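In what follows, a single structure is set out as structure tokens and then discussed.
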Amino acid sequence: MSTPARPPAAKPLRADARRNRERLLDVAVRAFSQDGPDVTLDAIAKEAGVGIGTLYRHFPTREALIEAAYRNELAKLCDAAAELAHEMPPDVAMRTWMDRFVDYLATKRGMADALRAVIASGANPYAHSRDRLLGAIGTLLDAGRTAGTLRRDVAAEDVLTGVNGICLAAGEPAQREQAGRLLDLLMDGLRHAATGTTT
């Protein structure tokens, strides 16, 4: 009995196709955040400088574009963790990443109506979001523990809950300064045991 042939692996995108895809995703995030879920795909393609056929080659449905745009924002945030940990001291990297998380959450809120349309179609754009965010925070915590600048007894889940809670409590965009102050306090708590200070 012969085994079924595996489907061929997807070919990597050419550089120009990759640039087109990235432009479409960037424009889609802005469009769905600012203009809502009913913005036309023609308008998105035009702003991205591509034809509508190019958009449909990458994203065959409106829901596919919305989901890809959200996931791309999540990927940029999570991928930044390792880059920041490499470029700056771990505690500074963690605080910088928290600011980026605030931006990500604002984008997610802006796209809320569009994302609800994706969920209504039967997809789950948030399926792996929590795992990816915990992985990013874990990367930053591990770097801080290795350097001796962040506490060893804090779980990534607690940091994510703290940052989420601060963003929800402060709101957007009027309370951005308050969110920054509260994130500074959270960072002071993360550094507390590492510095050896006591109250």
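Side chains included, hydrogens not; waters and symmetry mates left out as well; all remaining heavy atoms used. Model, not experiment: these values are computed from the prediction.
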So, are [X] and [Y] salt-bridged, with charged N and O less than 4.0 Å apart?
X: E22; Y: R18; value: no
X: D184; Y: R181; value: no
X: D79; Y: R132; value: yes
X: D16; Y: R19; value: no

Approximate separation, where rounding is to 0.5 Å, of [X] [atom1] and [Y] [atom2]:
X: D113; Y: D38; atom1: CG; atom2: CG; result: 9.0 Å
X: R71; Y: L25; atom1: CZ; atom2: CG; result: 12.5 Å
X: N20; Y: L55; atom1: CG; atom2: CG; result: 10.0 Å
X: R95; Y: L84; atom1: CZ; atom2: CG; result: 12.5 Å
X: T96; Y: F101; atom1: OG1; atom2: CZ; result: 15.5 Å
X: L150; Y: D91; atom1: CG; atom2: CG; result: 6.0 Å

Give the ring-plane orientation class for Y126 versus Y70, where under 30° counts as parallel, over 60° as perpendicular and anything between as tilted. perpendicular
Check against side-chain contact (heavy atoms from CB on, under 4.5 Å), L41 and I44: CA-CA 5 Å; L41 298 186; I44 291 173; 4.2 Å; yes
Any side-chain heavy-atom pair from [X] and [Y] closer than 4.5 angstrom?
X: N164; Y: L105; answer: yes
X: L140; Y: P90; answer: no
X: M98; Y: V159; answer: yes
X: W97; Y: L77; answer: yes
X: T149; Y: L190; answer: no
X: I137; Y: M94; answer: yes

Would you say the side-chain atoms of [X] pair up with the backbone N or O of [Y], donor to acceptor, closer than 3.5 Å?
X: R130; Y: E157; answer: no
X: S33; Y: V29; answer: yes
X: R62; Y: A114; answer: no
X: R152; Y: R145; answer: yes
X: T107; Y: D103; answer: yes

Using a cut-off of 6.0 Å, state whether more than 12 heavy atoms not belonging to R23 lie near its atom CZ. yes
Which heavy-atom pair separates [X] from [Y] by the least distance, and what is that distance?
X: M111; Y: I66; answer: CE-O, 3.8 Å
X: C167; Y: V102; answer: SG-CG2, 3.7 Å
X: A117; Y: E63; answer: O-CG, 4.2 Å
X: R151; Y: G189; answer: CD-O, 2.8 Å
X: P125; Y: I119; answer: CD-CG1, 3.7 Å
X: E67; Y: V118; answer: OE1-CG1, 4.0 Å

List for me each residue that meets salt bridge (Lys or Arg N to Asp or Glu O under 4.0 Å) alongside D26, sequence neighbours excluded, and say none if there are none. K76
For D188 and R191: C-alpha separation, side-chain torsions, deciding distance, then whether side-chain contact (heavy atoms from CB on, under 4.5 Å) applies. CA-CA 5 Å; D188 284 346; R191 294 187 189 103; 3.5 Å; yes
Between the side chains of T61 and Y56, does any donor sit under 3.5 Å from an acceptor? no
